[in-house]
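Below, read A as the first sequence line, B as the second, and so on, with proteins coming before strands; counting in each chain starts at 1.
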Amino acid sequence: MTIPLHLYLPIAGNSVNVAAIFGLGGAVGLLSGIFGVGGGFLMTPLLIMMGIPPTVAAASDSNQIVGASTSGTLAHFRLGNVDFKMGILLLVGGVIGGTLGVQVIKVLRALGNADFLINITYVLMLGFVGGYMFLESLQALRKNKTTAASSQESKPRKPSCYARFIQGLPWQMEFQRSGIRLSVLMPLVLGGLVGVLAAIMGVGGGFIMVPVMVYLLRMPMHVVVGTSLFQILFTCINVTIMQSIENHTVDFVLALILLIGSSLGAQIGAKIGKRLHGDQLKILLATLVLVVMVKMLWGLLAHPDVLLAYTGGH
Amino acid sequence: MRVLTALSLALLLLSAALSAAAGEISLKTTPGSVQIGALYDGETLHVEGTAPAGSEVVLRFQGAAKDQHMKQKGRALGLLWMNLGSLSFEAVPGVYLVTASKPLADLGPAARPFTLEGMRETFKVEPVEADTPENRAEFVKLKAAEGLYRETPEGVILGVDQGAERTFQADIRLPSRLAPGVYALEAVALKDGQVAAQGQARVEARLIGAPSLLADMAFGHAALYGVLATVIAILAGLGIGLVFQSKGAH
């Protein structure tokens, strides 16, 4: 008569509360649908807190992001928010950068202070990205209130050195969906840089990729979200298959419960995102990134309960 | 001649001690083995047995030993807590549950090897410079926080003495985080500060049903498992997306 609340996860080697995992998937999927981030930087630590081994948490999270980003990409595609051309170029850059990043992390580990550098990079990156986005969006929101002019109209005010630089690059290409003209080199190089950082930090890189698309590629926020999800889909397919083969750490049952929750959340998120103004979206994402940064910083400063940690995970 | 007499006496005493130590405790567990199916969420292992009259009983459930590779947290730059050195705890039990008819501390030195404090002196830590009492204590603390290591006082209920024997029983709650493998349930009867009798039962935990199928596939056909996990995730994502589309169309 009663619905079973617990399920045993054979790869994680633990039983979990199905409702809690489903709810966690739904909440992170909602954020993923709104902001176009994979949510790995939130999901993996929460799964570890629920008793899932770190390596299994990270790998199974990638598996569930495959489902959530499929659902999110579909929702954004229907809304006309996926720039496939840009997504594929970023992806190619990301794969090359990711491969390079794996080698960098091997060298860092051999030098012996990899964890220190990873943690510092993480906090600085989150702080910089979150802080910049927050301040920029706040200014834009204030401007909107006073002048009633759209943020897009106010942008051409500064034909900066950066704008002249990117216009001067060779192999210019039209990205119709994003409404921009750029050199092919831009998404390839920036995708590569994000790939390097993501590999070093052990995350999907959505929360770095989104600001890169907004500020460096100057894509409209709504197209950024859909395109980011499209790109994350492929990154996570690669991670899921590699982790299954090399480490046997993908718990499919865990991923399936998470992804049913997160796919539903992503659909709702995409609809909420559509109702929000680009600057509102940016300021909310910036707040989220800053909260994660503060949480990480607290983790680095506060005395841990246990002075040992399992290897692996984010 | 004196030496020979002394040796004979020593041998006699030793054989007497061994025969006393060889006293057997009969043990029965219900269930006899643990089946880890899809709905497994821990299980209570009921233990019954007989021990020498007047003895106290200690029960220990342990097994699935493996090496545990970990990171040691320390302060970098005197300020930030981070994973610094790597260390390995070798052949540590995956699960270690101990209980007795009295608090273990009240049972004297003979009970000490069974306590969590005694157990943490038994395994090997690598590298040698990381083998500190603090690291051993932290390891046991971490496992206890995960519910895998536990010391329960007075979990064994003793019956009244009947001739040379007395019955005992206990309910041991096995953790939900139980890995498949072979576990040993050991019973030790302590009398006058000495081990009066011992017994052991083998308890096997094995995966059945869906968890067994999935684990076989994940470890035996890893590439196929990875591809299937990906394809099903994509189909689930598409399915949910299409459901929302049809809802939107109405």
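- Using a distance-only test at 3.5 Å, with no hydrogens or angles considered, a donor-acceptor pair links the side chain of Tyr8(A) to the main chain of Leu178(B).
- Proximity to chain A is limited to the side chain of Leu207(B), based on heavy atoms less than 4.5 angstrom apart.
- Comparing Gly37(B), Ala38(B), Gly226(B), Gly239(B) by heavy-atom pairs within less than 4.5 Å of chain A, the highest count is held by Ala38(B).
- Taking both residues in full, the closest heavy atoms of Thr230(B) and Val66(A) are given as O-CG1, 3.8 Å, listed atom of the first, atom of the second, then distance.
- Counted within 6.0 Å of NE2 on His46(B), heavy atoms from surrounding residues, nucleotides or ligands total more than 12; the atom is thus considered enclosed.
- To the nearest 0.5 Å, atom CD1 of residue Ile245(A) and atom CG of residue Leu224(B) are 10.0 Å apart.
- Across Leu308(A) and Gln72(B), no two heavy atoms sit closer than the pair CD2-CA, 4.2 Å.
- Remark: the backbone N or O of Gly13(A) is not paired with any side-chain donor or acceptor of Arg177(B) at under 3.5 angstrom.
- Interface with chain A: from residues 138-148 of chain B, residues Glu138(B), Phe139(B), Lys141(B), Leu142(B), Lys143(B), Glu146(B) qualify, criterion being any non-hydrogen pair under 4.5 Å.
- Residues Tyr40(B) and Leu7(A) have side chains not in contact (no heavy-atom distance under 4.5 Å, counting atoms from C-beta outward).
- Using modelled atom types, no side-chain atom of Arg75(B) and backbone atom of His303(A) make a donor-acceptor pair closer than 3.5 Å.
- Contact annotation for Glu134(B): neither backbone nor side-chain heavy atoms come within less than 4.5 Å of a heavy atom of chain A.
- Taking each heavy atom of Arg78(A) and Gly241(B) in turn, the nearest pair found is NH2-O, 2.8 Å.
- Ile11(A) and Ala215(B) make their closest contact through CD1-CA, 4.2 Å (heavy atoms, listed as atom of the first residue, atom of the second, distance).
- Of the atoms belonging to Ala270(A), not a single heavy atom falls under 4.5 Å from chain B.
- At least one donor-acceptor pair under 3.5 Å links the side chain of Asn63(A) to the backbone N or O of Ala229(B).
- A donor-acceptor contact closer than 3.5 angstrom links the side chains of Asn14(A) and Ser176(B).
- Here the shortest heavy-atom pairing between Pro10(A) and Leu214(B) reads CG-CB, 3.9 Å.
- The part of Leu256(A) that comes within reach of chain B is its side chain, from C-beta onward, which places non-hydrogen atoms under 4.5 angstrom from that chain.
- The shortest non-hydrogen separation linking Ile240(B) to Ser71(A) is CG2-OG, 4.5 Å.
- Between the side chain of Tyr225(B) and the backbone N or O of Phe252(A), at least one donor-acceptor pair lies under 3.5 Å.
- Once rounded to the nearest 0.5 Å, the distance linking OG of Ser244(A) with CE of Met217(B) reads 10.0 Å.
- Side-chain atoms of His6(A) do not come within 3.5 Å of backbone N or O of Asp41(B) as any donor-acceptor pair.
- Atom CZ of Phe84(A) is surrounded by more than 12 heavy atoms from other residues, nucleotides or ligands within 6.0 Å.
- Taken to the nearest 0.5 Å, the CD1 atom of Ile234(B) stands 6.0 Å off from the CG atom of Leu233(A).
- Heavy-atom contacts from other residues, nucleotides or ligands closer than 6.0 Å to CZ of Phe128(A) number 12 or fewer.
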